[in-house]
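Positions are given from 1, in the same order as the sequence printed here. Start at 1 and go down the list; that is how both ligands and their atoms are numbered. Please read all numbers here as calculations on a predicted model, not as lab measurements.
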Amino acid sequence: MIRKASLEDLNDIYNIEVSSFDTPWEKVSIEVEFYKDYASIYVYEVDKKVVAYIITWLIGLEAELITIAVDEGFRRQGIGRVLFAYIKELYGKNILWHLEVACKNNSAIQMYKSFGFEITSTITNYYGDGKNAFRMILSPK
Ligand SMILES: CC(C)(COP(=O)(O)OP(=O)(O)OC[C@H]1O[C@@H](n2cnc3c(N)ncnc32)[C@H](O)[C@@H]1OP(=O)(O)O)[C@@H](O)C(=O)NCCC(=O)NCCS
């Protein structure tokens, strides 16, 4: 089940964040997203347990996929796809989507490509640790 996140979900979101990324966001940085009127935070629950989350921004007709992560034990079950598809539908059709993803993150890149995202550029040292990122764009249809 997908639902809008509340601050009560912060610990669960943070735990998934920490186990999903080499350089995870600080908990407070996730918390700050709850106070941005252009940010959306949704979670995916299985048996009332939060197993995935997505943070996106919508400013005008431009949306940014800020982050998405699925608990390791629940990956490759279609949850990431369903979660992004839900927000994409929520924001509507005439939206230009963009995101940055680590060049080595093949799982995520494959998922984004399956939605029609295309790589438009490479950003050197995007994460500040020598790792590069791709910028990807999904144009409105
Ligand atoms: C990227 C991520 C969110 C995908 O979530 P998921 O629930 O496992 O993905 P899904 O099961 O919905 O798969 C959707 C598509 O993603 C791609 N994909 C997912 N895992 C993959 C893997 N291990 N290898 C290759 N492609 C993969 C496939 O195209 C897949 O479609 P398919 O199953 O029809 O082949 C998940 O791997 C994750 O949380 N990774 C760690 C956090 C992260 O890197 N987030 C992205 C930050 S930019």
*Asks:* Evaluating non-hydrogen atoms only, which member of S20, A108, P24 is closest to atom 1 (C) of ligand 1?
*Replies:*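 It is A108 whose heavy atom sits nearest to atom 1 (C) of ligand 1.
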*Asks:* For Y112, which part has a heavy atom under 4.0 Å from ligand 1: side chain, backbone, both, or neither?
*Replies:*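 Just the side chain.
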*Asks:* Check this for me - ligand 1, V101, N or O atoms closer than 3.5 angstrom, yes or no?
*Replies:*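 Checking ligand 1 against V101, no N or O pair falls under 3.5 Å apart.
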*Asks:* Hey, are the side chains of E31 and Y14 touching, using non-hydrogen atoms and a 4.5 Å cut-off?
*Replies:* no
*Asks:* Could you pull out, from A69, S19, G78, the option with a heavy atom nearest to atom 10 (P) of ligand 1?
*Replies:* G78
*Asks:* Do E64 and E100 touch side chain to side chain, with heavy atoms closer than 4.5 Å?
*Replies:* yes
*Asks:* So which of K104, R81, Q77 gets nearest to atom 30 (C) of ligand 1, if we judge by its closest heavy atom?
*Replies:*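 Of the listed residues, R81 has the closest heavy atom.
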*Asks:* Which atoms of ligand 1 sit under 4.0 Å from any heavy atom of V70?
*Replies:*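 Those of ligand 1 that fall under 4.0 Å from V70 are 3 (C), 5 (O), 7 (O), 38 (C), 39 (O).
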*Asks:* Should one rank R75, E72, Q110 by closest heavy-atom distance to atom 26 (N) of ligand 1, which comes out on top?
*Replies:*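 Going through R75, E72, Q110 one by one, Q110 has the nearest heavy atom to atom 26 (N) of ligand 1.
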*Asks:* Could you tell me if the side chain of W25 sits less than 4.5 Å from the side chain of I66, heavy atoms only?
*Replies:* yes
*Asks:* Has S114 got any heavy atom lying under 4.0 angstrom from an atom of ligand 1?
*Replies:*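 No.
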*Asks:* State, yes or no, whether a side-chain contact exists between I41 and I13 at a heavy-atom distance under 4.5 Å.
*Replies:* yes
*Asks:* Which of these, I68, I66, I54, has its nearest heavy atom closest to atom 46 (C) of ligand 1?
*Replies:*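 Minimum heavy-atom distance to atom 46 (C) of ligand 1 goes to I68.
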*Asks:* Measuring from atom CG of L65 to atom CG of L138, what distance do you get when rounded to the nearest 0.5 angstrom?
*Replies:*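 So the gap between those two atoms works out to 10.5 Å.
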*Asks:* F74 versus ligand 1: do any nitrogen or oxygen atoms come within less than 3.5 Å of each other?
*Replies:*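 In fact, backbone or side chain, F74 has no N or O that close.
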*Asks:* Under the 4.0 Å line, does any protein heavy atom show up next to atom 35 (O) of ligand 1?
*Replies:* yes
*Asks:* What are the two closest heavy atoms between S40 and Y91, and how far apart are they?
*Replies:* OG-OH, 2.7 Å
*Asks:* Within a strict 4.5 Å, meaning less than it, do heavy atoms of the Y126 and R135 side chains meet?
*Replies:* no
*Asks:* Can you confirm, on distance only, whether ligand 1 has an N/O atom lying under 3.5 Å from any N/O atom belonging to N105?
*Replies:* yes
*Asks:* When you compare the side chain of D9 with that of R3, does any pair of heavy atoms fall below 4.5 Å?
*Replies:* yes
